Amino acid sequence: MADKKSPEEAAEKATNALMEKIVALCKRRGFIFQSSEIYGGLNGFWDYGPLGCELKRNIKDAWWRDVVQRRDDVVGLEATIIMHPSIWKASGHVDSFTDPMVDCKTCKKRFRADQLCEELGLKLESVETPTGKQFKLPAGAKCTACGSDQLTEPRSFNLMFKTFIGPVEDVSNVAYLRPETAQAIFAQFQNVLSCARQKVPFGIAQIGKAFRNEINPRNFTFRSREFEQMELEFFIKPGTDAQWHEYWVKERMKWYESIGLPASKLKPYVYKKEELAHYASACVDVYFDFPFGSQELEGIAARGNFDLSQHQKHSGKSMEYFDDETKEKYLPHVVEPSAGVDRIALALLCNAYYEEWAPTSESAGSAPIPAEHGKQPPAGFESRVVMRFAPRIAPVKVAVFPLLKNKPALVEKAKEVFHLLRSQFVSFYDEAGNIGRRYRRQDEAGTPFCVTIDFDTLGEKGPEMKDTVTLRDRDTLKQERVSIKELPARIAEAVK
RNA sequence: GCGGGUGUAGCUCAAUGGUAGAGCGGUAGCCUUCCAAGCUACUUACGAGGGUUCGAUUCCCUUCACCCGCUCCA
């Protein structure tokens, strides 16, 4: 009786097990490692290994191509991570990124100080300081859980990483690592406008690192303290907010499908009126079904002119745009699609992971079948793990093998083919172990194509087979005879 | 930050108050004519720091990391 598990518990156990397998594969194959692992690791920080950094690069390249290079109306920007502290004052991050927390010394519960006071009908006291607000509990504050008045003073957890510019560690030299890439775009709006010869509507895009001192990093790389963002600020004429917002939500959903995330696992979450920030007119989050739940990959917000007007106010510089056609001056409104690169990488890894029963040599030629949890594969099959990345996003596009390692003519020809392909695609050469083992290694790396050089390639079966190779498909395991000449075009077609 | 759990090789797991063993993997060699075959050799670990003890991977404390719940989530 005590051993009986509810369906919910069983399902939870299965998803935990799945995440653990994905984490193990990420380490085994060199996708993601713990940061500073030899020193015990560092909470909230992760490194990308040889395959992982190729994957991430492919995500960023795809985004940059689709959002910037292939459009007439978007230009790029690469700003510094540390910027003038006033930027974060203007953006609201210095004040609103702070959560004052109090702990009950008696029952160890933790509360947001403002919420606790509100519940008691009191008002949290605060004083402005150069580095943000300092909070003080009003008289009469007590723990709402146990009633004790033994509460710690409110401590501010500002989510921005702080540092100092120059040698003196002093309040006047405080600077922050950017908690988002977006603000630099607003701060450089006039510079970009004056050189890029763009007219509203147009966008400025940036990819880069951002830092948030999260209280509680969780779910592998999903919530990290150092992460990478891809943000677009698309500046529009006031009043066209709704139509552009709708446009970008559609564009972004399409993009996720283009990198191989299925529509069935992507869900738009439309913010309700009361959930919106006061300046925003609309916001849609793109959610992905991770093994640990449906979670946000990107937020697409219509932010009005809040950011530009804030910077105009704080800097005293005009952020206005002069419209040649209507001869009007105005502060452009903005639609902001803001995506997390690491979250997308994690989504791709989770989505690509499959356990299958693949045919062994006895039943070669059969199609692989999905593995059934907790069961042994049927005779003639054995389990394999395969990462089914979309070819466009796969870290390695093609692997090249000589059928046998101890035949110099095969090795020489294979290396020749490898060098030919390497000039165009991320390629991998392997000759260790038997051919099946090498195929399986590439399955775990998610390499969509394997090319094998055999004796027919050398012309042993006659001239019509000479200079043809086996092209093996990762997903179907099907093999096809293709001439070396046609190979680059075949692969290029699949990975474009 | 609180509570619970976990920490032995790259992975999965074992044993033990007297300094650790296997399978898989990896590397090298032999072999191998298309899906993890075989043989040989090599490789690698008690998360970190203290304490108790003649002696600690094992017991105790602290710390770090990971997982789960709470909390938090621009």
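Naming: A, B, ... by sequence-line order, numbering from 1 per chain. This structure is a prediction, so every number in the text was calculated from the model and none was measured.
Within a 6.0 Å radius of CD in E275(A), other residues, nucleotides and ligands contribute more than 12 heavy atoms. Surrounding NZ of K267(A) are more than 12 heavy atoms belonging to other residues, nucleotides or ligands, all under 6.0 Å away.
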Can you give me the N/O atom pairs linking the protein to nucleotides 5-10 of chain B at distances under 3.5 Å, or say none if there are none?
none

All N/O pairs under 3.5 Å across the protein-nucleotides 27-31 of chain B interface:
{"residue": "G29(B)", "atom": "OP2", "partner": "K405(A)", "partner atom": "NZ", "Å": "3.2"}

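Salt-bridge formation is detected for the pair K60(A)/E228(A): a Lys NZ or Arg NE/NH1/NH2 atom is positioned less than 4.0 Å from an Asp or Glu carboxylate oxygen. Under a 4.0 Å N-O distance rule, the pair E37(A)/K27(A) qualifies as a salt bridge. At a threshold of 4.0 Å, the pair K413(A)-D467(A) counts as salt-bridged, since one of the basic side-chain nitrogens sits closer than that to a carboxylate oxygen.
For the residue pair Q183(A) and S91(A), no side-chain donor N or O sits within less than 3.5 Å of a side-chain acceptor on the partner.
Mapping K407(A) and E444(A) onto RNA chain B by nearest heavy atom places K407(A) closer to the 5' end of the strand. A residue-by-residue look at G41(A) and Y279(A) shows that G41(A) has its nearest nucleotide of RNA chain B further toward the 5' end.
With distances taken from any side-chain atom of T452(A) to the nucleotides A36(B), C34(B), U32(B), the minimum falls on C34(B).
Straight-line distance between the C1' atoms of C68(B) and U16(B): roughly 30 Å, to the nearest whole Å. Comparing the C1' positions of C13(B) and U8(B) gives an interatomic distance of 10 Å, to the nearest angstrom.
Take Y48(A) and apply the ring-ring contact (aromatic ring centres under 6.0 Å, His included) test, not counting sequence neighbours, and it matches no residue.
Under a cutoff of 6.0 Å and an axis angle of 45°, R441(A) and Y439(A) do not form a cation-pi pair. By the 6.0 Å and 45° rule, R343(A) does not stack over the aromatic ring of F288(A).
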Result block: side-chain N/O donor-acceptor pairs under 3.5 angstrom for residues 397-411 of chain A, not counting sequence neighbours:
{"residue": "K397(A)", "atom": "NZ", "partner": "P391(A)", "partner atom": "O", "Å": "2.9"}
{"residue": "K397(A)", "atom": "NZ", "partner": "R392(A)", "partner atom": "O", "Å": "3.1"}
{"residue": "K397(A)", "atom": "NZ", "partner": "A394(A)", "partner atom": "O", "Å": "2.8"}

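Here the CZ atom belonging to F227(A) is positioned 8.5 Å from the OG1 atom belonging to T181(A), to the nearest 0.5 angstrom.
Scanning RNA chain B for stems, defined as runs of 3 or more consecutive Watson-Crick or G-U wobble pairs whose donor-acceptor distances all fall under 3.5 Å, gives the following ranges: B:1-7 with B:64-70, B:10-13 with B:21-24, B:25-30 with B:38-43, B:47-51 with B:59-63.
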(message) Output one letter per nucleotide in nucleotides 38-47 of chain B: B when a protein non-hydrogen atom lies under 4.0 Å from the base, S when only the sugar-phosphate is that close, - when neither is.
(response) ----------
